[in-house]
Amino acid sequence: MAGHSKWANIQHRKGAQDKKRAAAFAKLSKEITIAAKLGGGDIDGNPRLRLAVKNARAESMPKDNIQRAIDKGAGGDSGDYFDIRYEGFGPGGVGVIVECSTDNKNRTAGDVRSTFGKNGGNLGETGSVSFGFDQVGEIVFAREIGDEEAVMEAAIEAGAEDVEVEDEVYVIYTARDDFMEVAGNLDAAFPDHEARSTKLIWKPQNYIEIESDPALTLLKLIDALEDLDDVQNVYHSGEIDEATLEAAE
């Protein structure tokens, strides 16, 4: 069930994100506001809001910030937002999926297209990349929650499909339709430990090894996309060698 995870490789920007906490909080606040606007401000009765708040807490967002974001959405003070997915290709044929929440589709489309073009990539049609990815649940816990055998057993009992082990974290994957149930079961299994993140992701079916200059260009593309205000998540199928990751950091 356990295997080597690409989680650390995919999450190459963690150090940079930690230095840009205000930007990270802005994206989390936006997701909370959108979730509250679409499904109401009751956390227990709004699964999307519950997940958004859970992830904000995992990033140590202050309670006041979370409540303001909920009130903004539930009170109708925010504009109308749309969830849009863009698909494209980076250097080396690496597939890239970009999830956005926007109140202006034309602006977002132009920004994403321009960013691909300026950073060695090109925007594709819907479906041109996502067929090579699976949408699954991803729940990440720190290794301190327990030893591998205990975590594997708990994950199996919770209904998870796979567990991958990193140096610092356990990455637990679920079927898309089982995501909320498994997340709740794991919360009950580890009541003293908050998951680092709990979300639906696009997981590559296969990875493309990429190194040297093309890898650096791919990292610049991902960074530039994540810096766009309307972009919430970026996923890619590149497997970047450690030397390049260290050079980029």
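A pairwise comparison of heavy atoms in Ile32 and Ala69 identifies CG2-CB, 3.6 Å as the closest pair. Minimum interatomic distance between Asp187 and Lys54 (heavy atoms only, all atoms of both residues): OD1-NZ, 3.0 Å. Closest approach of Val129 and Gly95 over heavy atoms only: CG1-CA, 3.8 Å. A pairwise comparison of heavy atoms in Thr198 and Ala183 identifies CG2-CB, 3.9 Å as the closest pair. Nearest heavy atom pair, residue Glu148 against residue Tyr170, reads N-OH, 3.2 Å. Residues Ala58 and Ala195 come closest through the heavy atom pair CB-O, 3.3 Å.
Counted within 6.0 Å of CD on Gln135, heavy atoms from surrounding residues, nucleotides or ligands total more than 12; the atom is thus considered enclosed. Surrounding CG of Asp147 are more than 12 heavy atoms belonging to other residues, nucleotides or ligands, all under 6.0 Å away. Shown here is Lys220, whose NZ atom has no more than 12 heavy atoms of other residues, nucleotides or ligands within 6.0 Å.
In this view, Asp83 and Arg48, Ser101 satisfy the side chain to side chain donor-acceptor pair (under 3.5 Å) rule, not counting sequence neighbours. Residues passing the side chain to side chain contact (heavy atoms under 4.5 Å, CB included) test with Thr115, sequence neighbours excluded: Asn119, Leu221, Ala224, Leu225, Leu228. Considering only residues two or more places apart in sequence or on other chains, Glu181 meets the side chain to side chain donor-acceptor pair (under 3.5 Å) condition with none of them. Judged as a side chain to side chain contact (heavy atoms under 4.5 Å, CB included), and not counting sequence neighbours, the contacts of Gln67 are Ile70, Asp71. Contacts of Glu99 classified as side chain to side chain donor-acceptor pair (under 3.5 Å), with partners at least two apart in sequence or in another chain: Trp202, Asn233.
Each of Asp229, Val231, Thr102, Asp103 was compared with Thr108 under the side-chain contact (heavy atoms from CB on, under 4.5 Å) criterion, and only Thr102 meets it.
Contact of the Glu138 side chain with the Lys203 side chain is not registered, since no non-hydrogen atoms from C-beta on lie closer than 4.5 Å. Residues Ile208 and His236 fail the side-chain proximity criterion, which asks for heavy atoms closer than 4.5 Å. Side-chain contact check for Val151 versus Arg143: every heavy-atom pair is 4.5 Å or farther apart. Taking the side chain as every heavy atom from C-beta outward, Leu51 and Met180 approach each other to under 4.5 Å. Counting only heavy atoms from C-beta outward, the side chains of Asp134 and Gln205 approach each other to under 4.5 Å. Between Ile66 and Arg57 the shortest side-chain heavy-atom distance falls below 4.5 Å. No side-chain heavy atom of Val234 sits under 4.5 Å from any side-chain heavy atom of Ile97. Between Tyr86 and Val96 there is no side-chain heavy-atom pair separated by less than 4.5 Å.
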Stepwise side-chain contact (heavy atoms from CB on, under 4.5 Å) test for Phe89 and Asn122: CA-CA 5 Å; Phe89 298 90; Asn122 60 281; 3.9 Å; yes
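One distance of note links OG of Ser29 with CZ of Arg68; it measures 8.0 Å at 0.5 Å rounding. Rounded to the nearest 0.5 Å, atoms CG (Leu123) and OG (Ser128) are 8.0 Å apart. Considering CD of Gln232 and CZ of Arg85, their distance stands at 15.5 Å, rounded to 0.5 Å. In this structure, the separation between CD1 on Ile139 and CG on Leu200 is 9.5 Å, given to the nearest 0.5 Å. Atoms CG and CD1, on Leu186 and Ile145 in that order, are 8.0 Å from each other to the nearest 0.5 Å.
Formation of a donor-acceptor pair under 3.5 Å by the Lys27 side chain with backbone atoms of Glu226 is found in this model. Remark: the backbone N or O of Val171 is not paired with any side-chain donor or acceptor of Glu164 at under 3.5 angstrom. Remark: side-chain polar atoms of Glu31 are not paired, donor with acceptor, to backbone N or O of Ala52 under 3.5 angstrom.
Geometrically, Arg196 does not engage Phe141 in a cation-pi contact defined by less than 6.0 Å to the ring centre and at most 45° from the axis.
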In residues 210-217, what donor-acceptor pairs under 3.5 Å come from side-chain atoms, sequence neighbours left out?
from   : atom 1 : to     : atom 2 : distance (Å)
Thr217 : OG1    : Asp213 : O      : 3.0

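Between Tyr235 and Phe133, a ring centre-to-centre spacing not shorter than 6.0 Å is recorded.
Salt bridge absent: Asp230 and Lys105 never bring a charged side-chain N and a carboxylate O closer than 4.0 Å.
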